[in-house]
Chemist: 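This is the structure, below, for whatever I ask next.
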Amino acid sequence: MIVFADAIISWQKRHGRHDLPWQNTSDPYAIWVSEIMLQQTQVGAVIGYYGKFMQRFPNIHILASATQEDVLQQWSGLGYYSRARNLYSAAQKIMDSFHGRFPNDFDDILSLPGIGRSTAAAISTFAFNQPMPILDGNVKRVFARYFLIEGWPSLPNIEKSMWQIAVRENPVGLNKAENAVAYTQGLMDLGATVCTRSQPKCHICPIKKNCQAHLKNQTNLLPTPKPRKTLPERNTTMLIYMNANEVMLEKRASKGIWGGLWSFPEVDSAPINGEILPKFTHTFTHFKLHIEPVLIKSSHQDNMPNTLWITLDEAIESAIPTPVRNILQSLNSKN
DNA sequence: GACTCGTGGCG
DNA sequence: TCGCCAAGAGT
């Protein structure tokens, strides 16, 4: 109730995070970019990308007038590339449908591609001081423990009840708007720095007195982990066509894994005319990919569709996924 | 409701 | 070393 929110708010003001690169601003564009980058991605992994992205695309207009290739290049290595494609697509929509100004209406924000309920709420709160409830991984963990909610939090019925709690606890009363930022930020700060998944710092937690998991000594059992199946494994052979100083890259389909990025042509098994490079494994969230790179010396420039020849140095700076970057860098260090 | 979609840090 | 999962959204 009020007690919960007040405890979070006062704790955040004293002990929360106040100096992240996307804080201390009300620019909806800056906040939007940060919220997209932070989806399923930890703060430490985002900070470097965020600075470069904002330098390259300082506002909506510049982002919208760039190419998707430019945007994917800045996103290269961060993962979940549909976020970058949707960010770019949303920028176009803001130009076309909202006169180039980021909308402040919640439903308008929610209508933008790549923005779901929680991200829309975070933008609404941080950029426009309109308190709307969020429900991210941090909040789910805090709620699961504080209210002793069993079951994997992303199960639809569990998540639904957590949204109800998020709405109920969200401070929307009179004169609460000024604390909306502190409450929303505080929930995430608490989950990220105190109510962590392993070894939570309950001794410094501002709400431990009423935390059901803490009182019943079940903190280490909550939240209920996701039911895991064994990861499926796949194999692929990447063909690295290379002449004196250039490699051939192939643009991947716009959807699916690494959509819209540049990679190597893939086949099921190695051809006999190549030099087999060391195999390695790249692990995704939902499968393992065993990659066998094969180097093929090619004096002529094969004219395959959706391909280009590019120097090693330029290739490394392109919109490529991480395993491709690793391969290119190993080739570069050889030469 | 289940699946897809990246990468890196951590115990 | 390896399983887990993080400021989720789209299909």
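Note that this is a predicted model, so its numbers are computed, not measured.
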Chemist: Please give the distance between the P atoms of dA9(C) and dG8(B) as a whole number of Å.
Modeler: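 To the nearest whole Å, 23 Å.
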Chemist: Check the pair E35(A) / R83(A) against salt bridge (Lys or Arg N to Asp or Glu O under 4.0 Å), numbers first and verdict last.
Modeler: CA-CA 10 Å; E35(A) 290 301 330; R83(A) 295 183 297 175; over 6 Å; no
Chemist: With rounding to the closest Å, how many angstrom separate the P atoms on dC2(C) and dC5(B)?
Modeler: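 Their P atoms lie roughly 24 Å apart.
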Chemist: On DNA chain B, does the nearest nucleotide to H286(A) precede the nearest nucleotide to N157(A) from the 5' side, or the other way round? Give the residue.
Modeler: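 Result of the comparison: N157(A).
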Chemist: Does L78(A) reach a base, just sugar-phosphate, or nothing at all? Heavy atoms under 4.0 Å.
Modeler: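 Counting heavy atoms under 4.0 Å across all strands, the contact made by L78(A) includes a base.
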Chemist: How many Å lie between CG on L38(A) and C1' on dA6(C), as a whole number?
Modeler: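 The answer, rounded to whole Å, is 10 Å.
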Chemist: Expressed in whole Å, how much space separates the C1' atoms belonging to dG11(B) and dA7(C)?
Modeler: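 To the nearest whole Å, 22 Å.
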Chemist: Can you check whether Q39(A)'s main-chain N or O pairs, donor with acceptor, with T41(A)'s side chain at less than 3.5 Å?
Modeler: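 Answer holds: yes.
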Chemist: Starting at atom NZ of K229(A), determine the distance to atom P of dG3(C), rounded to an integer number of angstrom.
Modeler: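 These atoms are roughly 17 Å apart.
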Chemist: Please give, in whole Å, the distance from dG8(C) P to E159(A) CD?
Modeler: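 Spelled out: CD on E159(A) to P on dG8(C) is 11 Å.
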Chemist: Any Lys/Arg nitrogen of E159(A) or K140(A) sitting under 4.0 Å from an Asp/Glu carboxylate oxygen of the other?
Modeler: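 Looking at E159(A) and K140(A), the cut-off is met.
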Chemist: Considering every strand and a 4.0 Å limit on heavy-atom distances, what is the contact class for T119(A): base, sugar-phosphate, or nothing?
Modeler: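 Counting heavy atoms under 4.0 Å across all strands, the contact made by T119(A) is with sugar-phosphate only.
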Chemist: Base, sugar-phosphate, or nothing for L289(A), non-hydrogen atoms under 4.0 angstrom?
Modeler: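 Touches nothing.
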Chemist: How many Å lie between CD on Q40(A) and P on dA9(C), as a whole number?
Modeler: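 The answer, rounded to whole Å, is 9 Å.
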Chemist: Regarding G77(A), tell me which of base, sugar-phosphate or nothing describes its non-hydrogen contacts under 4.0 Å with the strands shown.
Modeler: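 Result for G77(A) = sugar-phosphate.
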Chemist: Indicate, with a heavy-atom threshold strictly under 4.0 Å, whether K288(A) touches base, sugar-phosphate, or nothing.
Modeler: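 Answer is sugar-phosphate: K288(A) comes under 4.0 Å of backbone atoms only.
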Chemist: So S154(A), base contact, sugar-phosphate only, or nothing? Heavy-atom distance under 4.0 Å.
Modeler: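 Nothing, no nucleic acid heavy atom in range.
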Chemist: Side chains of Q329(A) and N332(A) only: does a donor on one sit below 3.5 Å from an acceptor on the other?
Modeler: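 Looking only at side-chain atoms, N332(A) and Q329(A) do not form any donor-acceptor pair under 3.5 Å.
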Chemist: Any non-hydrogen side-chain atom of M54(A) less than 4.5 Å from a side-chain atom of Y29(A)?
Modeler: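 They are in side-chain contact.
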Chemist: Side chains of Q92(A) and S89(A): donor-acceptor distance under 3.5 Å anywhere?
Modeler: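 No, no side-chain donor-acceptor pair sits under 3.5 Å.
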Chemist: Can you find a side chain N or O atom of Q42(A) that sits less than 4.0 Å from OP1 or OP2 on dA6(C)?
Modeler: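 Checking Q42(A) against dA6(C): no side-chain N or O falls below 4.0 Å of OP1 or OP2.
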Chemist: For a quick check of understanding: with a heavy-atom distance under 4.0 Å over all strands, which category does W75(A) fall into, base, sugar-phosphate or nothing?
Modeler: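 Touches nothing.
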Chemist: Atom CG of D189(A) to atom C1' of dA7(C): distance rounded to whole Å?
Modeler: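 For the pair D189(A) CG and dA7(C) C1', the rounded distance is 10 Å.
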Chemist: By the 4.0 Å heavy-atom rule, please label K255(A) as base, sugar-phosphate, or nothing.
Modeler: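 Nothing, no heavy atom under 4.0 Å.
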Chemist: More 5' along DNA chain C: R197(A) or G137(A), using each one's nearest nucleotide?
Modeler: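 The residue whose closest nucleotide sits nearer the 5' end is R197(A).
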Chemist: Within the pair R141(A) and dA7(C), is there a side-chain N or O less than 4.0 Å away from OP1 or OP2?
Modeler: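 Result: yes.
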Chemist: In the structure I gave you, are the side-chain heavy atoms of D189(A) and W11(A) within less than 4.5 Å of one another anywhere?
Modeler: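 Answer yes - side chains close enough.
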Chemist: Just to be sure I understand the rule, does G256(A) reach a base, reach only the sugar-phosphate, or reach nothing, if contact means heavy atoms closer than 4.0 Å?
Modeler: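 G256(A): backbone/sugar contact only, no base atoms under 4.0 Å.
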Chemist: Roughly, in whole Å, what's the span from CG in L110(A) to P in dG8(C)?
Modeler: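 Rounded to whole Å, this separation is 16 Å.
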Chemist: Which value, in whole Å, describes the distance between the P atoms of nucleotides dC3(B) and dC4(C)?
Modeler: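 Their P atoms lie roughly 16 Å apart.
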Chemist: Check whether W262(A) forms a cation-pi arrangement with R252(A) (NZ or CZ under 6.0 Å from the six-membered ring centre, at most 45° off the ring normal).
Modeler: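 No, R252(A) and W262(A) do not form such a contact.
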Chemist: Under 4.0 Å, heavy atoms only, any strand: does T285(A) hit a base, just the sugar-phosphate, or nothing?
Modeler: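 Counting heavy atoms under 4.0 Å across all strands, the contact made by T285(A) includes a base.
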Chemist: Separation of Y81(A) atom OH from dG8(C) atom P, in whole Å?
Modeler: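 Taking atom P of dG8(C) as the reference, OH of Y81(A) is at 18 Å.
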Chemist: Tell me: CG of L87(A) to P of dG10(C), nearest whole Å?
Modeler: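 About 12 Å, once rounded to whole Å.
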Chemist: Name the nucleic acid region contacted by P223(A), choosing base, sugar-phosphate or nothing; use a 4.0 angstrom heavy-atom cut-off, strictly under.
Modeler: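 If one applies the 4.0 Å heavy-atom cut-off, P223(A) turns out to touch nothing in the nucleic acid.
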Chemist: Please find the earliest and latest nucleotides of DNA chain B, in the 5' to 3' direction, that have an atom within less than 4.0 Å of any heavy atom of chain A.
Modeler: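 First-to-last contact on DNA chain B, by the 4.0 Å heavy-atom rule, is dG1(B) to dG8(B).
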Chemist: Could you walk me through whether Y81(A) and W258(A) pass the ring-ring contact (aromatic ring centres under 6.0 Å, His included) check?
Modeler: CA-CA 7 Å; Y81(A) 299 96; W258(A) 298 334; 8.1 Å; no
Chemist: Would you indicate what Q185(A) reaches in the nucleic acid, counting non-hydrogen atoms under 4.0 angstrom: base, sugar-phosphate, or nothing?
Modeler: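 Counting heavy atoms under 4.0 Å across all strands, the contact made by Q185(A) includes a base.
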Chemist: Identify, between P225(A) and L135(A), the residue whose nearest nucleotide on DNA chain C lies closer to the 5' end.
Modeler: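 The residue closer to the strand's 5' end, by nearest nucleotide, is P225(A).
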